[in-house]
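What you see is a predicted model; the values in this text were computed from it and never measured.
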Protein chains: 2
Amino acid sequence: MLTDQQILRIPGPSPIPPSVARAMSQPMIGHRGQSTSDMIADIRPKLKRVFGTEQEVMILTGSGTAGLETAVVNTVAPGEEVAVIVTGAFGDRFVKICKAYELETHVLQVEWGKALDPAKVKAFLKDHGSINAVFATYCETSTGVLNPVEELARAVREVSDALVIVDGVSCVAGVETRMDDWGIDVMVTGSQKAFMLPAGLAFIAASERAWKKIEANPQPRFYLDLIKHRDNIEKDTTPFTPALSILFGLQQVLELLEEEGLEQVYARHDLMMKMTRAAFKAHGIPLLTEDAAASPTVTAVRPDDFDPEAFRKVMKKEFAMELAGGQQELAKKIFRIGHMGYCSPADMLQAIAAMEIGIIKSGKDIELGKGLGAAQKIYLSEGETQNDL
Amino acid sequence: MLTDQQILRIPGPSPIPPSVARAMSQPMIGHRGQSTSDMIADIRPKLKRVFGTEQEVMILTGSGTAGLETAVVNTVAPGEEVAVIVTGAFGDRFVKICKAYELETHVLQVEWGKALDPAKVKAFLKDHGSINAVFATYCETSTGVLNPVEELARAVREVSDALVIVDGVSCVAGVETRMDDWGIDVMVTGSQKAFMLPAGLAFIAASERAWKKIEANPQPRFYLDLIKHRDNIEKDTTPFTPALSILFGLQQVLELLEEEGLEQVYARHDLMMKMTRAAFKAHGIPLLTEDAAASPTVTAVRPDDFDPEAFRKVMKKEFAMELAGGQQELAKKIFRIGHMGYCSPADMLQAIAAMEIGIIKSGKDIELGKGLGAAQKIYLSEGETQNDL
């Protein structure tokens with residue numbers, strides 16, 4: 001096998017574009033100097049566009065979980081009640097964080113592989129009168145579900161004053177996000193998914209409504225205190241030492257996103273999702289999620305007549321292609337294909353063509369080229385629009 | 001379209017493996033110091049294995065053409081007669097160099113797209129009694145032909161004492177090369193093809209027979225004087241300042257080739273050739289060369305019902321995939337796909353799947369997935385052997 005080739009098709013970390021890798025290898029500079037401030041000044045408006053907000057997007061040095069914890073400790077006061085809508089492993093993480101802070105945590109469990117239902121959330125909130133914050137996941141990485149967070153925020157507002165707090169880790173920058181228009185109070189994401197960077201930065205923005213709560217919140221916090229972060233980023237700096245090389249990379253990523261155009265970036269992710277799904281449908285191999293609930297950044301496949309773990313091993317051995325397995329209750333039942341960030345329709349053609357061989361080598365007899373043909377047809381009918389945008 | 005992605009499927013330069021790019025970005029060191037000598041000492045035996053020779057392989061800083069000129073000025077004395085077997089644009093380059101040195105140059109022209117015929121070379125040499133050197137091309141990049149240089153050398157020996165000098169630029173390190181066993185007197189190659197490096201180094205080795213001629217040759221030469229190069233590399237150094245960063249890269253490339261194993265490297269190239277050819281055959285799209293004359297490193301396609309130039313533009317626009325066009329008499333008549341060096345069967349699945357879309361977009365109606373299916377079948381029947389080697 002060709003040495004030194006790794007084809008990373010897991011839902012994060014995602015591959016790093018060459019120009020971003022180059023940017024990250026710049027020599028270190030003083031993070032309190034003018035160059036760093038100029039860089040942050042360049043980053044700020046671009047990051048706001050990705051989040052669809054006029055509010056500041058704050059940059060924390062930490063992984064996505066630090067971002068999730070930041071959302072919790074800044075918006076919820078000790079002793080308050082919260083609702084967490086759990087659609088998979090990452091919804092579960094919000095539960096764990098809330099419980100660590102001994103918040104009264106009401107869990108609305110949704111079957112893994114299904115999207116949350118805003119009407120059910122409304123009913124849940126009516127049943128639990130004193131919820132201060134509702135936590136949800138935009139893209140549930142563990143199942144490949146994209147939850148309808150716009151409809152969720154609308155539904156919550158109809159029955160409650162609770163803040164709507166969304167984990168956007170595995171989709172923001174790959175899927176349209178209009179925080180302000182949709183009435184999302186807090187949006188969190190990390191650097192290693194659609195942001196095409198290594199893990200190490202978390203991005204978080206809060207609505208005016210949320211800021212009022214944050215400013216009045218007595219919950220003890222220091223490193224994750226959003227007020228410190230806001231007061232600093234408004235002056236083009238950070239309260240604590242930033243992960244400078246990833247910041248160099250972020251500046252270049254935002255440049256690339258603007259160059260391609262956010263509309264086109266989202267259309268590309270949508271196209272890659274459709275190509276992937278069409279391929280498995282053509283072979284009659286079950287997808288975990290319905291079309292309406294599918295995420296443009298990750299697809300989960302639940303084969304009923306070959307072993308996903310054996311299949312993943314074959315893909316790694318034959319093509320050095322890494323796919324993800326299932327987590328928790330879906331362990332060994334599904335495999336997941338990441339198609340986010342630095343990933344193109346051509347990359348999906350490759351993944352699909354290689355997976356067809358992998359499926360055969362895993363013992364399932366399929367017609368070679370059939371799934372690929374279905375993906376090619378999707379490209380031909382939809383890709384055109386994308387390139388002409 | 002995904003910004004910052006370039007899929008390079010031309011027959012050189014070829015993509016650089018990440019570990020080689022990292023090796024090349026090392027800080028400069030003194031090229032007369034011990035570290036450089038240690039590096040050259042490490043490189044020497046590995047380079048010999050790639051050439052299939054016990055002789056020194058010398059490293060010149062220059063492009064492939066410098067290597068070809070080195071072959072000419074070292075092995076042919078002023079006023080001597082030479083034969084050049086021209087099977088395409090690169091055979092032609094030997095003619096130009098020989099004529100620049102006012103050598104009496106006899107050209108055996110072979111139809112472009114066909115391999116040289118050793119029997120015809122034998123007859124040609126019989127007709128021209130005083131030929132001192134025969135020049136030929138191993139892989140003719142412009143047509144995708146792999147010439148039978150082993151048979152050529154044998155045929156020449158049967159009728160002549162002429163040296164057999166071979167341009168191996170676009171295949172050595174991707175195709176088996178056994179210089180000593182085959183009786184090749186001089187073999188030349190460059191760094192930017194199957195060697196997975198940027199252009200800038202040329203590698204050249206000579207047989208004992210050739211060395212006798214080189215040592216006695218009065219042809220004026222300095223930078224390209226092989227005697228200087230040999231006397232220096234035997235002491236783990238170079239006569240002139242080497243392209244140090246490419247030398248760093250060469251050391252890592254040879255490491256990768258040894259890690260994969262030369263046998264496997266050659267099997268991988270052979271597999272990629274067969275996959276590519278099977279795909280076009282399945283669609284009834286004519287290949288320029290016959291199977292027996294086909295190179296494992298580059299495939300030329302001569303479509304009869306769509307425009308190769310328009311097709312190449314589509315591939316670039318849709319997939320940022322670069323294919324090569326035709327040269328000289330084949331200009332605008334063919335397109336060429338490079339599959340050498342840092343290129344895997346998975347990369348060929350991608351190229352084939354994308355080219356099917358490109359062909360449709362160029363106005364030819366084909367059954368999507370059919371060529372890919374043929375390539376997948378080849379992989380399934382032959383790839384196994386490769387991974388089990």
Where on Lys370(B) is there a heavy atom nearer than 4.5 Å to chain A: the side chain, the backbone, both, or neither?
neither
Does any donor atom in the side chain of Asp347(B) or Gln5(A) lie under 3.5 Å from an acceptor atom in the other side chain?
yes
Chain A heavy atoms under 4.5 Å from Leu257(B): which part of the residue, side chain, backbone, both or neither?
neither
Using a 6.0 Å cut-off, check whether atom NZ of Lys313(B) has over 12 heavy atoms from anything other than its own residue.
no
Inter-residue atom distance Glu259(A).CD - Asp4(B).CG, 0.5 Å rounding
8.0 Å
Spell out, as yes or no, whether a donor-acceptor pair under 3.5 Å connects the side chain of Tyr342(B) to the backbone of Leu2(A).
no
What residue, out of Ala374(A), Ala346(A), Gly373(A), has the most heavy-atom pairs lying under 4.5 Å from chain B?
Ala346(A)
Test item: Leu368(B) and Leu372(A) side chains (from C-beta on) under 4.5 Å apart, heavy atoms
no
Euclidean distance, Gln350(A) CD relative to Phe319(B) CZ, rounded to 0.5 Å
12.5 Å
Atom pair NZ/CD1 of Lys377(B) and Ile357(A) - distance to nearest 0.5 Å
10.5 Å
For a 4.5 angstrom cut-off between non-hydrogen side-chain atoms, does Glu356(A) reach Leu349(B)?
no
Leading residue by heavy atom contact count with chain A [cutoff under 4.5 Å; candidates Ala351(B), Cys343(B), Gly371(B)]
Cys343(B)
